[in-house]
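Residue numbers run from 1 in the order of the sequence given. These values consider heavy atoms only, across backbone and side chains, with no hydrogens, waters or symmetry-generated copies. Quantities reported herein were computed from a predicted structural model and do not represent experimental measurements.
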Amino acid sequence: MISTSSLSFHHNHRHHVLSNNIKPNSIPLSLFRKVALTPSKPFICLNKKLLCTPMASSSQLNSIPDFKADPSLINEDLAPTKPSQRTYSGWEMASLWVGLVVGVPTYYLAGSLVDLGMAWWQGILTVVAANIITFIALGLTGHPGTRYGIPFPVLARSAFGIRGAHIPTLLRGLVACGWYGIETWIGGEAIFLLLPNSIKNSSFSNSIPWLGTSPLEFACFLVFWFLQLVAVLKGMDGIRELEKYSAPILILLTSCLVIWAYVNAGGFGRILSMSSRLSSSEFWALFFPSLTANVSFWATLALNIPDFTRYAKSQKDQIIGQAGLPILMGAFTFVGLAVTASTQVIFGRTISNPIQLLGEIGGFGTMIISIFGITLATITTNIAANVVAPANALVNVSPSVFNFQRGALLTALLGIVFQPWRLLQSSESFVYTWLVGYSALMGPIAGIILADYYLVKGRNLRVNDLYTLNPVGNYFYYKGYNLEAVGALVIGILPVIPGFLQKIGTLNPIPELLMTIYNNAWFFGFFSSGIVYWILSVLKPTKQLH
């Protein structure tokens with residue numbers, strides 16, 4: 001355990017050396033204001049032991065000489081990573097994406113584009129284009145995580161303020177809780193598939209109106225929910241090991257599924273001959289909301305990617321590891337489209353649900369292997385994408401009450417409250433209400449954080465200020481809130497709300513402009529909030545150096 005009882009900062013600057021036998025508060029504050037300090041390797045120490053920041057630049061000037069971390073803002077999950085913790089190589093970062101991409105939701109998303117009328121190549125290009133955009137966002141947001149070793153909730157403090165950071169982190173966490181429930185429900189369906197027909201056809205399979213599903217399916221959901229906790233409670237080290245060893249297994253099983261479809265369908269001639277059912281105007285009308293939905297698919301992780309890149313060995317490793325996202329998404333999209341199209345030839349009907357497909361393939365041994373693959377894919381996606389962010393958000397709210405494991409447990413409980421079986425009632429509600437809907441929150445947050453880090457702060461953060469409630473700290477702003485960031489967030493979200501209300505059927509009709517804004521929710525929020533925040537920050541009087 002890392003104690004936070006004594007957190008101090010040491011400087012090595014051009015003309016003055018603060019040695020271990022001189023206390024920081026013995027140096028007059030005026031000296032720090034007048035002397036131009038150029039620390040060569042500033043670092044944070046916990047109990048006199050080096051904690052981190054071999055990558056921190058000389059511009060990381062500590063503004064509070066007599067500094068002590070506030071215990072309400074730090075614990076071992078929020079403190080910058082130690083050099084010994086930075087073990088993620090490029091391959092391990094890429095393995096993370098293999099585990100995330102290879103899953104049932106990605107398979108669903110691929111098939112939905114063709115169902116809506118796109119040709120197979122249009123669907124793949126839409127997915128790849130969206131994930132190139134996502135990759136750029138991932139690389140930009142991941143940079144401060146690797147440079148300073150800080151997680152997303154701490155990075156959010158620089159833009160939204162020490163207390164204001166709870167707004168973006170909790171919004172991100174709530175979306176992750178919904179996703180956690182969706183993935184867990186999919187895993188429960190895999191367990192349901194293994195049950196004997198005598199049980200699946202019993203009275204326990206009858207749906208209960210107030211519950212929205214059957215007791216048997218709900219029981220399978222709870223079983224899978226418990227199974228995940230074993231991996232969840234092992235923390236980040238357990239996640240890293242799970243992703244590293246599961247990646248080759250998932251690639252092998254996916255390859256086997258493609259080979260099976262190719263052999264039994266007599267090739268992929270059917271999918272290659274599929275043409276678009278859309279006119280030019282219809283395609284473009286569908287393209288932009290589909291692009292938004294696909295960006296939204298990973299917009300959540302594009303926000304809290306510092307939770308992972310803080311463990312990367314270098315910026316090169318985190319960039320190389322994430323560069324495979326567009327390739328992996330394009331490849332797995334083709335798998336989903338090809339296998340789905342092949343089912344029409346093999347079974348005489350289209351089976352877009354991979355779990356139902358595995359039930360049709362036949363053979364108990366084949367089914368067991370297939371279910372193992374789905375279970376592994378679901379767990380790896382769920383834990384990495386949907387546990388880390390809300391767990392760290394809860395730790396950020398109260399480090400003294402929550403640690404990673406407690407935050408993860410509460411995340412799992414909230415995943416049940418979201419009733420994911422209702423979110424998956426139809427593909428339209430999943431893609432255009434769920435995915436596009438929450439992108440209205442993720443886009444503005446991403447725009448503000450990136451504008452703050454690159455345009456306002458110039459990539460230079462003062463790490464000690466991120467862990468103090470001292471009003472002279474650079475990120476305390478107004479009573480712990482950066483009102484410019486909060487205002488920009490509201491401006492980015494409000495215009496999207498009418499379109500969301502129209503989608504869920506509570507507001508009709510609305511102007512076409514507002515519907516267009518909703519269909520491009522992530523892009524509208526990202527640019528509008530980012531630009532407004534940047535302008536407000538430029539107009540704000542410059543804070544004096546402490």
Side-chain angles (χ1 to χ4, degrees), residues 109 112-113 116 118 122-142 156 159 167-168 171-172 175 179 281-305 322 325-326 329-330 333 428 430-456 485-504 510-536:
L109 191 60
S112 69
L113 298 180
L116 291 169
M118 284 190 183
Q122 291 174 330
I124 292 176
L125 287 179
T126 301
V127 170
V128 171
N131 283 277
I132 289 174
I133 295 170
T134 305
F135 163 66
I136 295 171
L138 283 163
L140 292 174
T141 313
I167 299 171
L171 287 175
R172 165 66 181 97
V175 172
W179 264 118
S281 60
E282 289 174 335
F283 169 77
W284 290 112
L286 177 63
F287 172 77
F288 288 107
S290 297
L291 185 71
T292 301
N294 277 273
V295 170
S296 304
F297 197 75
W298 295 121
T300 49
L301 204 61
L303 269 186
N304 73 291
I305 196 64
Q322 298 189 90
L325 173 62
M329 282 295 291
T333 297
E428 185 174 353
F430 171 65
V431 174
Y432 296 115
T433 302
W434 171 244
L435 289 178
V436 178
Y438 75 65
S439 74
L441 303 175
M442 301 298 100
I445 295 172
I448 291 167
I449 287 179
L450 292 181
D452 179 76
Y453 182 67
Y454 288 95
L455 301 179
V456 179
V486 176
L489 180 64
V490 173
I491 289 172
I493 293 174
L494 281 180
V496 184
I497 293 177
F500 176 75
L501 295 177
Q502 193 274 338
K503 274 292 180 184
I504 63 175
I510 64 171
E512 185 178 347
L513 175 62
L514 293 179
M515 203 64 234
T516 300
I517 289 175
Y518 177 77
N519 288 336
N520 298 274
W522 188 88
F523 296 97
F524 173 83
F526 180 87
F527 287 107
S528 62
S529 290
I531 292 171
V532 168
Y533 173 76
W534 178 59
I535 292 173
L536 293 176

Close side-chain approach of Phe526 and Pro444, heavy atoms under 4.5 Å: no

Pair Trp179 + Phe297: ring centers closer than 6.0 Å: yes

Stepwise side-chain contact (heavy atoms from CB on, under 4.5 Å) test for Phe500 and Val436: CA-CA 9 Å; Phe500 176 75; Val436 178; over 6 Å; no

Please tabulate, one pair per line, all N/O donor-acceptor pairs under 3.5 Å involving side-chain atoms of residues 124-135, not counting sequence neighbours.
from	atom 1	to	atom 2	distance (Å)
Thr126	OG1	Gln122	O	2.7
Asn131	ND2	Val127	O	2.7
Thr134	OG1	Ala130	O	2.9

Arg172 side-chain N/O to Leu303 backbone N/O, donor-acceptor pair under 3.5 Å: no

Rounded distance [0.5 Å steps], CG in Leu435 versus CH2 in Trp298: 11.0 Å

Expected output: side-chain Tyr438 to main-chain Thr300 donor-acceptor under 3.5 Å: no

CD1-CG distance between Ile445 and Leu171, expressed to the nearest 0.5 angstrom: 5.0 Å

Side-chain (Thr292) to main-chain (Trp522) donor-acceptor, under 3.5 angstrom: no

Interatomic distance, Ser296 atom OG to Leu291 atom CG [nearest 0.5 angstrom]: 9.0 Å

Euclidean distance, Leu450 CG relative to Ser529 OG, rounded to 0.5 Å: 12.0 Å

Test item: Asn520 and Ile517 side chains (from C-beta on) under 4.5 Å apart, heavy atoms: no

Sequence-distant partners of Phe283, ring-ring contact (aromatic ring centres under 6.0 Å, His included), two or more places apart: Phe287

Side chain to side chain, Ser290 and Met118, heavy atoms closer than 4.5 Å: yes

